Amino acid sequence: MLIVSDIRENRPEFIAGLEKRGMADATALLDEVLALDEKRKSTQTKLDELLAESNKISKSIGLLMKEGKQDEANQAKAKTSELKSQTKELGQVLEETKQELDDKLYQIPNIPNEEVPAGNSEDDNEVLYTVDQLPELGDDALPHWELIKNYDIIDFDLGVKITGAGFPVYKGKGARLQRALVNFFLDEADHQGYDEVQPPVVINEASGRGTGQLPDKEGQMYHITDSDLYLIPTAEVPITNLYRDVIVDEKDLPIKNVGFTPCFRREAGSWGAHVRGLNRLHQFDKVEIVQVQHPDKSFDTLIEMRDHVEGLLKRLELPYRILKLCAGDLGFTSNITYDFEVYSAAQKRWLEVSSVSNFKTYQANRLKLRYRDADNNKHLLHTLNGSALALPRIIAAILENGQTPEGIKIPAALHQYAGFETIS
RNA sequence: AGAGAAGUGGCAGAGUGGUCGAAUGCACUGGUCUUGAAAACCAGCGUGCCGCAAGGUACCGGGGGUUCGAAUCCCUCCUUCUCUGCCA
């Protein structure tokens with residue numbers, strides 16, 4: 001959530017930022033926010049004045065009663081009764097105004113970083129790096145969904161039987177490969193100083209709001225209505241919310257966490273030509289890295305995280321490219337995002353396997369996540385996260401790119417973890 | 001899941017209708033003392049909102065209610081503990 005006082009101070013900058021995202025009515029929306037905030041403040045002031053008077057009289061009533069001045073006490077009571085109806089009314093106005101202001105703020109996405117290129121669609125994303133030479137497979141190369149069947153390592157039909165489409169069953173070396181990747185990713189993060197956590201994969205509404213999935217992505221999460229809980233779409237939600245309502249000491253920064261969880265996405269309406277096999281699932285595994293950092297250092301941290309993800313792809317020997325997302329393609333809560341895509345050689349297409357983002361104070365404001373500086377003053381922190389990495393598409397790329405007549409060669413970095421070198 | 005008990009500041013723990021935002025202790029911060037440290041002593045030490053400030057206001061698990069006035073009384077939800085049941 002944007003910070004109202006910042007909007008007031010730098011209104012043109014915020015308007016420009018939102019327009020860069022393609023928001024047409026940015027000026028009107030921001031002005032509504034500012035007006036509501038003015039109303040909130042003046043109402044608060046008035047209410048406080050009335051309450052102050054009321055409190056004063058109430059105290060005097062106590063004293064009068066002690067002195068036995070019953071009549072005077074009763075007179076004072078009449079006066080406060082009058083005030084009471086006024087404060088009640090104003091209190092309601094204040095609550096409504098706050099609610100309205102909140103609702104407005106929830107509709108407004110983060111503003112893009114100045115580094116973020118302009119643009120409306122993924123075509124405008126900036127390619128920061130791409131592999132020199134795309135791998136060429138023979139004409140008989142198979143897409144991963146064929147390979148999966150041939151080697152019997154992932155079973156979609158069984159998943160349909162147990163749950164439904166988009167919930168595959170990993171079997172034998174498929175399951176082992178997945179576990180190997182998880183352990184590899186977790187160990188690599190551990191080497192980079194991330195503390196591992198295992199959060200719940202079910203979250204409450206407050207957590208969904210804290211990181212901005214609610215109300216923006218209500219329809220994309222599985223909702224357990226009889227308990228009013230949600231299945232996580234990413235470990236970002238439970239891990240970042242670990243720090244909701246927290247004030248950390250400046251010297252304890254940065255906070256670095258890594259977590260492995262399944263992720264659940266309804267992907268409503270997004271089934272089409274490009275979702276075969278492992279390309280898009282309702283449930284998938286992901287290792288996520290999260291950092292909470294000092295505002296002055298978060299940009300360097302973003303690069304550090306980007307480098308970490310890049311290192312993983314290098315060690316997996318997969319052809320990849322790095323994109324800097326344009327303003328129009330940026331996630332709702334993000335200030336700047338780098339996407340990583342691996343090349344799936346049989347499908348001949350790029351698959352997104354990681355998104356590394358800096359949210360700056362957008363999430364922290366909602367989370368009330370702050371740090372205390374040397375002078376004991378409190379300031380909002382910056383939150384960042386990135387996939388490191390999402391599993392199914394990595395597996396798809398490993399399978400397709402590693403296929404040979406003798407079987408599928410898996411990357412050397414995984415041999416120890418998997419306990420095998422070839423799927424045959 | 002059933003029965004009972006309890007939720008107060010970083011922690012411990014007072015407070016059952018009226019200067020209570022809240023005693024006291026510990027922890028923490030600054031100072032005095034000391035060659036240094038410890039001890040002792042002095043002072044400070046929650047959060048949000050409004051305000052340039054002085055100050056005001058709100059918060060004692062969450063929400064609602066009674067009252068001129070609620071940490072204190074009532075309702076409700078949540079959580080924790082104990083016992084019973086069930087279970088990996």
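Here is the naming used below: chain letters follow the sequence lines, and residue numbers restart at 1 for every chain. The shown structure was predicted, so the numbers you read here are calculated from the model rather than taken from an experiment.
Taking both residues in full, the closest heavy atoms of A:Leu36 and A:Thr97 are given as O-CG2, 3.5 Å, listed atom of the first, atom of the second, then distance.
The side chain of A:Arg40 contributes an N or O atom lying less than 4.0 Å from OP1 or OP2 of B:C50. Residue A:Arg372 places at least one side-chain N or O under 4.0 Å from the OP1 or OP2 atom of B:U47. Look at A:Lys41 and you won't find any side-chain N or O under 4.0 angstrom from OP1 or OP2 of B:C49.
Aromatic ring orientation, A:Tyr194 versus A:His308: tilted (interplanar angle from 30° to 60°).
Across all strands shown, B:U16 forms no Watson-Crick or G-U wobble pair with both distances under 3.5 Å. The nucleotide B:A22 finds no pairing partner, because no Watson-Crick or G-U wobble arrangement with both distances shorter than 3.5 Å includes it. Base pairing analysis places B:C87 opposite nothing; no Watson-Crick or G-U wobble pair with both distances below 3.5 Å involves it. Base pairing of B:A43: its partner is B:U29, meeting the Watson-Crick or G-U wobble criterion (both donor-acceptor distances under 3.5 Å). Using Watson-Crick or G-U wobble geometry with both donor-acceptor distances under 3.5 Å, B:U34 finds no partner in any strand shown. In this structure, B:G4 and B:C81 make a Watson-Crick or G-U wobble pair, each of the two defining distances being under 3.5 angstrom.
Heavy atoms of A:Lys84 sit under 4.0 angstrom from at least one base atom. Counting non-hydrogen atoms under 4.0 angstrom, A:Leu51 reaches the backbone sugars and phosphates but no base. Residue A:Ser58 is classed as a base contact, given a heavy-atom separation below 4.0 Å to a base. Within the 4.0 angstrom heavy-atom criterion, no nucleotide atom of any strand lies near A:Lys59. Residue-level contact check: A:Ala76 touches neither bases nor backbone, having no heavy atom under 4.0 Å from any strand. Within 4.0 Å (heavy atoms only), A:Asn55 reaches sugar-phosphate atoms of the nucleic acid but no base atom.
For the pair A:Lys378 NZ and B:G10 P, the computed distance is 12 Å after rounding to whole Å. Taking atom CG of residue A:Asn204 and atom P of nucleotide B:G62, one finds them 16 Å apart after rounding to whole Å. Rounded to an integer number of Å, the gap from A:Ile61 CD1 to B:A70 P is 11 Å. The nearest whole Å value for the distance from the CD atom in A:Glu53 to the P atom in B:U57 is 11 Å. Per the geometry, CD belonging to A:Glu49 stands 13 Å off P belonging to B:A58, to the nearest Å. The nearest whole Å value for the distance from the NZ atom in A:Lys56 to the P atom in B:G69 is 17 Å. In this structure, A:Lys98 places its NZ atom 11 Å from C1' of B:U57, rounding to the nearest Å. Remark: C1' of B:G46 and CG of A:Asp245 are 14 Å apart, rounded to the nearest angstrom.
Comparing A:Ser54 and A:Met65, the nucleotide of RNA chain B nearest to each residue sits closer to the 5' end for A:Met65. Toward the 5' end of RNA chain B, the nearer of the two residues A:Ile247 and A:Thr80, judged by each one's closest nucleotide, is A:Ile247.
One P atom belongs to B:C26, the other to B:U35, and the distance between them is 27 Å to the nearest Å. For B:U19 and B:G56, the P atoms lie 16 Å apart once the distance is rounded to whole Å. Here the separation of B:C20 from B:A71, taken at their C1' atoms, is 8 Å to the nearest Å. Between B:G25 and B:G61, the distance separating the two C1' atoms is 24 Å to the nearest Å. Across the P atoms, B:G10 and B:U47 are found 9 Å apart, a figure rounded to whole Å. Comparing the same atom, P, in B:A5 and in B:C86 gives a spacing of 24 Å after rounding to whole Å. For the C1' atoms, the distance from B:U72 to B:A3 is 27 Å, rounded to whole Å. For the P atoms, the distance from B:G17 to B:C73 is 8 Å, rounded to whole Å.
In summary, A:Glu38 and A:Arg8 engage in a salt bridge, as defined by a charged side-chain N under 4.0 Å from a carboxylate O. Between A:Lys409 and A:Glu317 there is no salt bridge, since no side-chain N of the basic residue sits under 4.0 Å from a carboxylate O of the acidic one.
No side-chain N or O of A:Tyr170 forms a donor-acceptor pair with one of A:Arg179 less than 3.5 Å apart.
A cation-pi geometry, defined here as NZ or CZ lying under 6.0 Å from the six-membered ring centre and within 45° of its normal, does not hold between A:Lys173 and A:Tyr151. Figure legend: cation-pi geometry between A:Arg209 and A:Tyr106, with NZ or CZ positioned under 6.0 Å from the six-membered ring centre and within 45° of its axis.
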